[in-house]
Amino acid sequence: NISAFYYDYQDYQAFSQISTVQTVVNQDATAQGLEVELNAAPTDGLTLQLGASFMDSEVKDIRLPDQATFVDHDLPQAPSVSANALARYEFPLGAGTASIQGDLLYSDDFCFTTLCAPVEKEKGYTVANARIGYGAPDGRWEVAAFVNNLFEEEYRVYAFDSSLFSGVVAGVYGKPRTYGLTATWRFGAGYE
């Protein structure tokens with residue numbers, strides 16, 4: 001699947017810092033890009049998925065905190081390149097079905113706000129996850145073990161610079177490496 005897009009915003013709602021008050025202002029903005037997705041099952045039990053997004057965006061005339069300077073910045077939380085990949089293999093084992101899965105998520109660098117203060121910029125990152133499972137062939141139940149953020153990538157999911165009036169930069173980090181077990185039982189028709 002391939003799709004292209006172009007957005008031309010009139011009165012895009014952007015945040016602007018005016019003295020100690022964060023205010024919503026209406027600015028013109030554009031975004032254009034391409035999204036590509038590939039799903040394949042090259043052999044029995046093997047599923048492959050790849051996806052990528054390419055975007056160029058701009059919010060015009062963002063007022064900086066000095067109130068005299070206007071700049072153009074990218075849309076917030078809109079990396080120019082992002083991608084994902086997944087590989088899953090299922091195979092019969094005993095009376096059930098076993099599965100092994102790995103997936104990746106990549107994000108290029110981006111800013112969390114339209115103001116794009118240096119402390120609000122996030123560098124690119126890649127997060128990897130892994131999972132093994134065993135379940136009934138009809139999918140009614142499954143037990144699985146997982147590890148998320150396998151390589152302990154440190155990245156933020158949000159940041160805001162309030163240092164101008166409070167001396168603080170707020171930041172929320174993505175989860176560190178986490179692991180666990182899950183057990184699933186699906187109720188309803190369609191499993192026989």
Side-chain angles (χ1 to χ4, degrees), residues 1-39 48-86 102-130 146-178:
N1 296 316
I2 298 176
S3 62
F5 60 89
Y6 175 78
Y7 296 104
D8 186 358
Y9 294 99
Q10 303 298 315
D11 296 330
Y12 170 80
Q13 292 185 337
F15 286 104
S16 184
Q17 191 75 38
I18 299 175
S19 183
T20 60
V21 178
Q22 191 177 54
T23 305
V24 175
V25 295
N26 294 329
Q27 305 298 125
D28 291 337
T30 58
Q32 59 208 3
L34 181 71
E35 294 179 344
V36 181
E37 179 183 277
L38 171 68
N39 295 304
L48 301 174
Q49 297 176 339
L50 295 171
S53 176
F54 308 92
M55 182 166 53
D56 179 38
S57 65
E58 182 178 64
V59 181
K60 300 180 187 310
D61 299 326
I62 298 297
R63 183 190 306 247
L64 295 183
D66 69 5
Q67 303 302 303
T69 306
F70 292 83
V71 296
D72 298 340
H73 279 301
D74 291 342
L75 286 168
Q77 300 183 40
S80 58
V81 177
S82 59
N84 61 74
L86 179 140
D103 61 87
L104 294 170
L105 171 67
Y106 168 76
S107 176
D108 198 6
D109 57 333
F110 62 89
C111 284
F112 286 106
T113 71
T114 54
L115 293 173
C116 200
V119 294
E120 295 173 335
K121 293 180 181 179
E122 185 65 14
K123 65 181 179 18
Y125 60 86
T126 302
V127 177
N129 306 308
F146 65 88
V147 180
N148 292 335
N149 197 355
L150 189 61
F151 304 111
E152 293 195 287
E153 182 75 14
E154 188 174 294
Y155 63 100
R156 294 178 299 173
V157 294
Y158 189 72
F160 174 68
D161 180 15
S162 60
S163 61
L164 179 67
F165 55 92
S166 70
V168 174
V169 176
V172 178
Y173 283 82
K175 291 182 181 179
R177 181 188 301 145
T178 56

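Heavy-atom basis, side chains included; hydrogens, waters and symmetry copies ignored.
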Worksheet entry | Asn148 side chain to Thr178 backbone, donor-acceptor under 3.5 Å | no

Worksheet item: What is the minimum heavy-atom distance between Pro79 and Asp108, and which atoms define it?
Response: CB-O, 3.5 Å

Worksheet item: Which value, rounded to the nearest 0.5 Å, describes the distance between Tyr155 atom OH and Leu105 atom CG?
Response: 7.5 Å

Worksheet, complete the sentence: Residues Gln77 and Val157: closest non-hydrogen pair is OE1-O, 4.4 Å

Worksheet item: When rounded to the nearest 0.5 angstrom, what distance separates CE in Met55 from CG in Asp74?
Response: 8.0 Å

Discussion item. Which heavy atom of Lys121 sits nearest to which heavy atom of Arg156, and what is that distance?
Written reply: O-NH2, 2.7 Å

Worksheet item: Say you draw a straight line from CD of Glu153 to OH of Tyr106; how long is it, rounded to the nearest 0.5 Å?
Response: 10.5 Å

Worksheet, complete the sentence: For Thr69, the side chain to side chain donor-acceptor pair (under 3.5 Å) test, sequence neighbours excluded, returns Asp66

Discussion item. Once rounded to the nearest 0.5 Å, what's the spacing between atom CG of Asp161 and atom CG of Leu115?
Written reply: 8.5 Å

Item to complete: Evaluate the side-chain proximity of Glu122 to Asp109: yes if any heavy-atom separation is below 4.5 Å, no if none is.
Response: no

Practice prompt. Could you list the residues that satisfy ring pair (Phe, Tyr, Trp, His ring centres under 6.0 Å) with Tyr173, not counting sequence neighbours?
Written response: none

Worksheet item: Between Ile2 and Glu35, is any pair of side-chain heavy atoms under 4.5 Å apart?
Response: no

Practice prompt. Can you establish whether the number of heavy atoms outside Gln13 located under 6.0 Å from its atom CD is more than 12?
Written response: no

Practice prompt. Decide yes or no for Leu75 and Tyr12: does some side-chain heavy atom of the first lie under 4.5 Å from some side-chain heavy atom of the second?
Written response: yes

Worksheet item: When rounded to the nearest 0.5 angstrom, what distance separates CD in Glu154 from CG in Asn149?
Response: 10.0 Å

Discussion item. Would you say that Glu58 contacts Asp56 through its side chain, given a criterion of any heavy-atom pair below 4.5 Å between the two side chains?
Written reply: no

Response to the item:
The reported gap from CG in Asp8 to OG1 in Thr30 (rounded to nearest 0.5 angstrom) is 6.5 Å

Item to complete: Please list, chain by chain and in numerical order, all residues satisfying ring pair (Phe, Tyr, Trp, His ring centres under 6.0 Å) with Phe112, sequence neighbours excluded.
Response: Phe110, Tyr158

Worksheet item: More than 12 non-hydrogen atoms from neighbouring residues, nucleotides or ligands closer than 6.0 Å to OH on Tyr7, yes or no?
Response: no

Practice prompt. Could you walk me through whether Arg177 and Glu152 pass side-chain contact (heavy atoms from CB on, under 4.5 Å), step by step?
Written response: CA-CA 5 Å; Arg177 181 188 301 145; Glu152 293 195 287; 3.5 Å; yes

Worksheet item: Taking C-beta and beyond as the side chain, do Asn84 and Leu104 meet within less than 4.5 Å on heavy atoms?
Response: no

Worksheet entry | Arg63 side chain vs Val71 backbone, donor-acceptor pair below 3.5 Å | no

Discussion item. Is it the case that the side chains of Glu120 and Thr113 hold a donor-acceptor pair, with the cut-off being a distance below 3.5 Å and no angle test?
Written reply: yes

